[in-house]
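A short worksheet on the structure shown next.
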Amino acid sequence: MTDSPPSFFSTFCSSALRAKPLSNSSDDVGINSGEGLVRRLGPFDLILLGIGASIGAGIFVVTGTVARDAGPGVTVSFILAGGSCILNALCYAELASRFPAVVGGAYLYTYTAFNELTAFLVFTQMMLDYHIGAASIARSLASYVINVLELIPFFKNNIPIWIGHGGKEIFGFISFNLLAPVLLVFLTLILCRGVGESSLVNTVMTTTKIVIVLVVIIVGAFEVDDSNWSPFAPNGFKSMLTGATVAFFAYVGFDAVANSAEESLKPQRDLPIGIIGSLIVCITLYIGVCLVITGMVPYKFLGEDAPLAEAFKSKGLNFVSILISIGAVAGLTTTLLVGLYVQSRLYLGLGRDGLLPAIFARVHSTRHTPINSQIWVGFIACILAGLLNVHLLSHVLSVGSLAGYSVVAACVIRLRWKDDIGIQISSTLVSHRHEGIICITVIAFSGFAAGILFRYVVSALSYIFLVIPVLIAILATAALRFRQEQIDTPGFSCPWVPIVPSLCIFVNIFLFAQLHYEAWVRFVVLSIVAVGVYAFYGQYHASPVSDLETVTYHKAPDEETP
């Protein structure tokens with residue numbers, strides 16, 4: 001009697017639970033096809049990469065938007081959001097140090113720590129954020145470019161609205177824009193030429209942006225009236241905490257540094273420096289702008305579209321408002337450039353592992369860039385930015401980033417367990433593994449419950465119920481700390497594991513609960529679609545360990561090597 005072939009369900013389960021083996025004792029790891037990427041990015045380049053990804057026009061707009069509700073307490077909102085991002089950055093820094101030569105970021109970490117299906121879900125959720133975000137930024141950049149051009153008398157009121165601001169809407173969501181795809185094609189060509197050229201553009205534009213922001217802070221400091229800072233929190237602490245949920249997304253971008261692992265000169269040393277260093281610079285700049293904008297103008301009179309520029313105009317400093325427009329162009333350019341860069345590297349990682357067609361894994365033999373992935377990313381962005389009013393989709397953004405960051409924090413906890421070092425796994429250790437996953441899940445659900453309670457409570461007495469999910473999360477974290485064996489890690493180590501990663505998960509999911517309900521629907525629907533794509537394509541083509549004779553990328557170079 002012959003054995004019957006395995007069922008679709010059993011094949012799906014066995015494939016979905018596969019993990020990517022990355023041996024710490026090996027000097028290299030095989031990839032699928034194409035030539036390898038080139039190491040050209042030093043710590044300064046990585047810091048500028050992180051700043052370029054994080055600070056766009058948001059520093060000139062979001063600060064004022066949050067201030068209209070939080071008042072001068074917007075400074076506290078950005079400090080809270082920055083503190084939350086530092087916790088996430090510490091988790092990213094450890095994993096970037098653990099896998100210092102591997103492209104893939106959050107997707108790769110999840111593939112190694114958990115399983116193939118979860119990694120694919122993380123990719124799809126974050127990638128939709130990237131695609132919509134890139135198109136939205138491209139439209140904003142086109143609008144700012146037109147604003148700068150209209151400073152020239154010849155162009156003022158002579159540029160058709162469909163060129164850069166977007167034409168009239170058709171069917172409520174179709175809105176033609178010519179300049180946004182043109183700008184995307186230009187940036188895509190720069191990225192296709194090589195990491196050296198794109199890094200140079202990012203360095204010039206990011207440096208310009210930082211200088212303009214510093215000028216804004218210094219000039220604005222002389223126009224501050226400290227009476228505008230009283231009352232500091234006119235709407236109470238809740239408004240500042242709610243503002244922090246908005247401000248959190250102004251810092252998102254440090255994960256771009258983790259995705260540049262394969263192009264970093266000394267990744268095990270430089271990646272943590274780039275991730276944490278860029279975030280500290282961003283926090284400092286945001287705090288300076290918040291103090292200036294709320295000190296110059298009473299928060300109630302701040303504009304909604306360009307609050308910082310309007311604040312300087314109200315003081316008769318029109319030349320500074322022009323600088324702000326130029327800074328916004330530089331900021332959006334770098335944010336868009338880095339966003340397209342990160343997307344292509346993620347597609348490259350999935351192409352190498354077989355979860356996407358092999359064409360995405362090809363790297364140009366002389367340019368050393370994933371040209372096919374880069375062109376695909378640029379093409380999608382051009383379609384979205386050129387034809388759709390993507391701003392209508394902005395309220396479903398960030399759900400993927402928050403979910404991805406939470407999984408990255410969980411990866412830190414998972415990879416600290418002793419059964420990851422290649423020893424015989426006893427039944428006790430396996431039970432500890434399952435116990436750990438349950439604890440992580442409990443922490444996530446506690447964060448969501450606390451977020452829902454915070455969002456919908458109507459009386460001060462109701463806040464007492466917030467103590468319950470917080471206590472449950474603390475108990476789950478204690479179980480992780482005292483019931484799971486921990487191991488030392490090479491390179492940079494996230495401090496106070498599992499406390500810091502657990503806090504990351506709790507805070508991220510708390511913020512997740514503050515999002516529009518349509519973002520939750522998008523999360524569920526996209527997850528179902530991703531499972532379907534994986535079931536009918538990914539599970540049959542994925543190869544965690546490739547035997548193809550191609551290129552290898554190596555572990556972090558020794559400190560003596562350049």
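When each of F512, F506, Y109, Y92 is checked for a ring pair (Phe, Tyr, Trp, His ring centres under 6.0 Å) with Y405, only Y92 meets the rule. When the options V521, I528, L526 are evaluated for a side chain to side chain contact (heavy atoms under 4.5 Å, CB included) with V524, the one that passes is I528. With V257 as reference, I275 is the one residue of I47, I275, I273 to meet the side chain to side chain contact (heavy atoms under 4.5 Å, CB included) rule.
Smallest separation of non-hydrogen atoms from S502 and L480: OG-CD1, 3.8 Å. When every heavy atom of L184 is checked against every heavy atom of A385, the shortest pair comes out as CD1-CB, 3.8 Å. Taking all atoms of both residues into account, the shortest heavy-atom contact from T477 to I499 is CG2-CA, 4.0 Å. When all heavy atoms of M126 and G400 are compared, the closest pair comes out as CG-O, 3.6 Å. Here the closest heavy-atom approach between residue L340 and residue Q374 is recorded as O-NE2, 3.1 Å. S84 approaches N508 most closely through the heavy-atom pair OG-OD1, 4.3 Å.
For F379, the CZ atom sits in a loose shell: 12 or fewer heavy atoms of surrounding residues, nucleotides or ligands are nearer than 6.0 Å. Heavy-atom contacts from other residues, nucleotides or ligands closer than 6.0 Å to CZ of R18 number more than 12. Counted within 6.0 Å of CZ on F12, heavy atoms from surrounding residues, nucleotides or ligands total more than 12; the atom is thus considered enclosed. Dense packing is recorded around CH2 of W520, with more than 12 heavy atoms of other residues, nucleotides or ligands lying under 6.0 Å away. For Y537, the OH atom is densely surrounded, since the number of other residues' heavy atoms within 6.0 Å is greater than 12.
Between the side chains of N88 and Y251, not a single donor N or O lies within less than 3.5 Å of an accepting N or O. Between the side chains of S527 and Q125, a donor-acceptor pair is found at a separation under 3.5 Å.
Under the 4.5 Å side-chain criterion, counting only non-hydrogen atoms from C-beta, I276 is in contact with L90. Two residues are said to be in side-chain contact when any heavy atoms from C-beta on lie closer than 4.5 Å; C439 and R481 fail this criterion. Y107 is listed as a side-chain neighbour of L355, based on a closest heavy-atom distance under 4.5 Å. Counting heavy atoms from C-beta outward, T242 and Q514 have side chains that stay 4.5 Å or more apart. At a threshold of 4.5 Å between non-hydrogen side-chain atoms, the residues D270 and L41 do not count as touching. Side-chain contact between P370 and R345 is present, with at least one heavy-atom pair separated by less than 4.5 Å. T369 has its side chain out of reach of L191: every pair of non-hydrogen atoms, C-beta onward, lies at least 4.5 Å apart. Counting only heavy atoms from C-beta outward, the side chains of N202 and S198 never approach each other to under 4.5 Å.
Look at R98 and E94 and you find a salt bridge, because one of the NZ, NE, NH1 or NH2 atoms lies within 4.0 Å of a carboxylate O, short of that distance.
Remark: side-chain polar atoms of T335 are paired, donor with acceptor, to backbone N or O of G52 under 3.5 angstrom. The closest donor-acceptor contact from the side chain of N372 to the backbone of I359 lies under 3.5 Å. Looking at R455, its side chain does come within 3.5 Å of a backbone N or O of A513 through a donor-acceptor pair. Remark: the backbone N or O of F492 is paired with a side-chain donor or acceptor of S97 at under 3.5 angstrom. Checking side-chain atoms of S446 against main-chain N and O of V442 turns up a donor-acceptor pair under 3.5 Å.
Here the OG atom belonging to S398 is positioned 10.0 Å from the CD1 atom belonging to I132, to the nearest 0.5 angstrom. Atom OG of S14 sits about 7.5 Å away from atom CD of Q539, to the nearest 0.5 Å. With rounding to the nearest 0.5 Å, the separation of OG1 in T333 from CD1 in I190 is 9.0 Å. Rounding to the nearest 0.5 Å places OG1 of T124 at 9.5 Å from CG of L350. To the nearest 0.5 angstrom, I137 atom CD1 is 9.0 Å from T334 atom OG1. Atoms CG and OG, from L356 and S373 in turn, are 8.5 Å apart once rounded to the nearest 0.5 Å.
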Kindly determine whether T110 and C411 satisfy side chain to side chain contact (heavy atoms under 4.5 Å, CB included), including the steps that lead there. CA-CA 6 Å; T110 308; C411 289; 4.0 Å; yes
Let's go through L515 and F523 carefully: what are the C-alpha distance in whole Å and the side-chain angles of both, what is the deciding distance for side chain to side chain contact (heavy atoms under 4.5 Å, CB included) to 0.1 Å, and is it a yes or a no? CA-CA 11 Å; L515 298 175; F523 180 82; over 6 Å; no
Please test I55 against Y286 for side chain to side chain contact (heavy atoms under 4.5 Å, CB included), starting from the C-alpha separation and ending with a verdict. CA-CA 9 Å; I55 294 186; Y286 274 121; 4.2 Å; yes
Side chain to side chain contact (heavy atoms under 4.5 Å, CB included), that's the test. Do L402 and F248 meet it? Break it down for me. CA-CA 10 Å; L402 284 171; F248 177 89; 3.4 Å; yes
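Note: F120 and Y534 have tilted aromatic rings, judged against thresholds of 30 and 60 degrees for the angle between ring planes.
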